[in-house]
Amino acid sequence: MAKAEIFTPFSKGIFLFTRNFYDNHQTELNSLEGLIKTNLQRKYLIKTYFTQTNNDQITDSVLDEFRRNNPNFKYYFVLDESGGLYYLKILDEVFKPLFIREQSSSKVDLESFVSKSLIQYESDLFYDAYVIQTAGDKVYINTNAPTSLIGKKVQIYPRSAYERGEQDLNIPQGVIVEKDDINYIVQIINPDKLAINVGDHVKVMKKSFVRSDTITINRELEKEKKGDNVEQFNVTYLKLKQPIQFNRSFYQCTFLPIISNIEKSKTDEIRYEILEHLKNKDLCLLKMNDDLEDLLSKRFPTRERELNDYKTIQAISNKLGTGSLFRLKAYKKNIGILVVFEGILQDGKTVIYKKSKLLSNSDLDDLINIVQIWIRDYIKKLPYRGRIDEIVEEQLLISIGEKQDLENTQHFEIFRPSAVKIESLGDFHSTKWEMEKIGLGSFQSIKGNSAIGFVRFLEKGNKVNKGDWIVTKDDFVLAEDDSKFLKHHLEIEREVGRVHLAVEASELKGSDTSKTTTLYGAEAGIDYFLPYQFIALFSFKKIIGSGGGFGSSASFFEGALGYALAPPIKLLSFLDIFIGYKKLSYDLAELGEIGLGDLEISGPYAGVRFELPLYKRFTFGFFAKLFPSNTVKNSDPLLGEPKSSNSYSTTFTAKYRVNNEWSLFSSLTYDNQTISYQNSIEQNSTIFLGNIGVEFYLD
């Protein structure tokens, strides 16, 4: 395996100073410059070591402007002086703080302060590690660490995160769970599904976070099953009871009082703006209660402890009837405001969404904007579009929250959650739901935050319950009430029908292989999908010319009834079986073969066909037919009356789908026909047929 490029922690870094800092510490900075050039620059690959800004503060806007003018730098080392303290802040290119060290300004030695800070940072956070292989939710990393790393936390910095240029991405995190020869295997949590590639840089935290075994908690039993240190790394597998434990819609939401050390007037402003956003944008079914608000405001001194207690959250959920509770924490620090946002379910314990960010300034607008973005992201990532609240025979009352693009007659699927797996590591959460498919339905009317729908189909042995979830498909909107379409292909999305037109050329050989002829023809056919996964197939073919001047009146007719199976091989687009009837006639008396006259052959057949996607819009198709017993009429009486006949054919098709309305295709068919006469005489004929055509899809 080729060795990937290794990125050191400070590749392409630059030191930044405010104007006042430079003016007040010019002598010390000149000395620091020598240290950087002789030691730090070479050790940490700090390509450029110094620049002065013309601002009194290095804010996000200052960094933004600097980054636009200097796009090559990945790390920023900001030296600042504030409130009687020196700060060295290490930021990455999206301005996330990686390390902050402070020291009293009395008798400070800048050289020693910077040097020791970088040494501590490297010692605490980094080994030189990089990704050498990816495997689903695991990655392999290579490191020359002298001691075992099993149980240590890692952070992965994918290049894809920087390419996207977004400042609020959750970088993948994980825990080293196993050693494979000289490499380590990392179990990762990747909530934003960033692409991880070979060569991506990995930070390995020096402190052990977890044991190497998997930590699992079953919340039904409320006890730990195995493992420890669950406060750091937690994989929760929650088996939902029936009726499901979370019996309230996640779209029914409330915004909890803010936990903060900021003055109350400012938190009241934050809270007002966020609530107005929730009301005006209609993101969820917001539920508030003035009496409850008054009660919680009177208990302000103990608010943080109580709002971190699941029993309090549970009681609020029960009082308001909400399934989602938003908890916001905002702590004022010397270097800015730390904002933590959580989406909590009605049990008060299960956090399925968590985001945090350190804002480098105290601008309340930035805080409000980022929380509003997180709330919209939470709603967007919910695993369902609506929840069934009432059932009257086949009619359903569905809570849908924000209407958005839902339409009357739109199709939806009905699911029942059976389990949820929540992986958490620090501030990062990943939620995966397991769901059982119940059936299909359609909307009748949509008004405000609710809709009326009805059940179109139920899976065998299932029935709809209150609390079941519905999932819509944006590209599945019915133009009319078409039950045939809904009842067909419950697991396979296919068109209502297909019509094909083709031109073809075929070569026919008799028992005497020296006697051949080439035929030219045209074909038209239709496949139509009937209710309950049945398919009707019809085709007609006419020979319109030949190389020998005969056969111009030959014709074919075929009709069949089929059934669509759910393919056992997931790669197949579809798998159909057929029973049909085929009749064909050839004017072959002029071929000149003894005993071969004009033929008319008819009889039943059984067939199977499938389609396999190959690459992008290209697919491969196969159709095999077996004719066990045919009726044959031969105009040449020399061999007597035919006693029996059988045949088979195979067709291979290559198809290119131009768009959702039509495709181009080409196929090759081999057809073998055997006719038995009295006195053990057999007559065999074969057809090699090639055609090209176009196929249209019916909606």
Side-chain angles (χ1 to χ4, degrees), residues 500 502-526 536-562 577-609 623-651 667-691:
H500 69 268
V503 294
E504 62 183 41
S506 58
E507 182 184 72
L508 187 144
K509 295 182 179 181
S511 298
D512 183 355
T513 56
S514 65
K515 307 290 185 178
T516 64
T517 186
T518 302
L519 306 176
Y520 304 100
E523 180 186 6
I526 182 172
L537 181 152
F538 300 95
S539 66
F540 179 81
K541 185 187 304 182
K542 180 70 175 178
I543 301 300
I544 56 178
S546 69
F550 52 86
S552 60
S553 63
S555 61
F556 301 75
F557 171 79
E558 179 180 345
L561 180 66
I577 57 176
F578 292 89
I579 296 177
Y581 178 85
K582 185 174 183 178
K583 181 178 181 179
L584 58 89
S585 61
Y586 280 116
D587 296 349
L588 299 177
E590 297 180 31
L591 188 61
E593 182 171 337
I594 296 175
L596 182 62
D598 298 336
L599 294 178
E600 183 178 291
I601 303 171
S602 60
Y605 73 88
V608 60
R609 71 177 179 181
F623 200 168
K625 303 172 187 176
L626 176 64
F627 301 79
S629 178
N630 294 325
T631 300
V632 180
K633 295 180 181 180
N634 187 350
S635 64
D636 191 325
L638 290 178
L639 299 179
E641 288 294 325
K643 184 176 67 173
S644 63
S645 173
N646 62 78
S647 61
Y648 65 88
S649 72
T650 56
T651 301
S667 65
L668 178 66
T669 298
Y670 173 78
D671 197 328
N672 183 282
Q673 178 77 43
T674 301
I675 304 174
S676 298
Y677 295 85
Q678 302 294 335
N679 302 318
S680 300
I681 297 175
E682 284 191 353
Q683 194 175 58
N684 184 269
S685 62
T686 59
I687 299 174
F688 288 95
L689 184 151
N691 68 5

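One is the number of the first residue; the rest follow in order along the sequence. Because only heavy atoms are used, hydrogens play no part in the values below, and waters and symmetry mates are left out as well, while side chains stay in.
- Between Asn691 and His500, the closest side-chain pair of non-hydrogen atoms is not below 4.5 Å.
- Evaluation of the side-chain hydrogen bond (donor to acceptor under 3.5 Å, both in side chains) rule for Glu523 yields no partner, not counting sequence neighbours.
- Atom CZ of Phe688 and atom CD of Glu507 lie 7.5 Å apart (nearest 0.5 Å).
- With rounding to the nearest 0.5 Å, the separation of CG in Asn646 from CD1 in Ile601 is 10.5 Å.
- The distance from atom CD of Glu682 to atom OH of Tyr677, rounded to the nearest 0.5 Å, is 10.5 Å.
- Every residue two or more places apart in sequence or in another chain was checked for a side-chain hydrogen bond (donor to acceptor under 3.5 Å, both in side chains) with Ser539, and none qualifies.
- Of the possible donor and acceptor atoms, one in the side chain of Ser645 sits under 3.5 Å from a partner among the backbone N and O of Thr674.
- Both the sub-6.0 Å distance and the 45° axial angle are satisfied by Lys625 relative to the ring of Tyr605.
- With respect to the salt-bridge test (charged N to carboxylate O, under 4.0 angstrom), the residues Lys541 and Glu558 do not qualify.
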Between Ser602 and Asn630, does a side chain to side chain contact (heavy atoms under 4.5 Å, CB included) hold up when you go through it step by step?
CA-CA 6 Å; Ser602 60; Asn630 294 325; over 6 Å; no
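- In this structure Thr669 satisfies the side-chain hydrogen bond (donor to acceptor under 3.5 Å, both in side chains) test together with Thr651, sequence neighbours excluded.
- Judged as a ring-ring contact (aromatic ring centres under 6.0 Å, His included), and not counting sequence neighbours, the contacts of Phe623 are Phe578.
- Looking at residues two or more places apart in sequence or on another chain, you find no salt bridge (Lys or Arg N to Asp or Glu O under 4.0 Å) involving Lys582.
- Within 6.0 Å of the CG atom in Leu626, the count of heavy atoms belonging to other residues, nucleotides or ligands exceeds 12.
- If you take NZ on Lys633 and CD1 on Ile675, they are separated by 13.5 Å, rounding to the nearest 0.5 Å.
- The CG atom of Asp671 lies 10.0 Å from the OG atom of Ser506; values are rounded to the nearest 0.5 Å.
- The nearest pair of heavy atoms linking Pro604 to Ser629 is CD-O, 3.6 Å.
- For the residue pair Gly603 and Phe627, the shortest heavy atom distance occurs at O-CD2, 4.4 Å.
- Every residue meeting the side-chain hydrogen bond (donor to acceptor under 3.5 Å, both in side chains) condition with Tyr670, not counting sequence neighbours, appears here in chain and number order: Asn672.
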Test Leu537 against Arg609 for side chain to side chain contact (heavy atoms under 4.5 Å, CB included), laying out the working first. CA-CA 12 Å; Leu537 181 152; Arg609 71 177 179 181; 3.8 Å; yes
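- For the atom pair CG (Leu519) and CD1 (Ile687), the distance works out to 7.5 Å, reported to the nearest 0.5 Å.
- Scanning all heavy atoms of the two residues, the minimum distance from Phe538 to Gly559 falls at CD2-CA, 4.0 Å.
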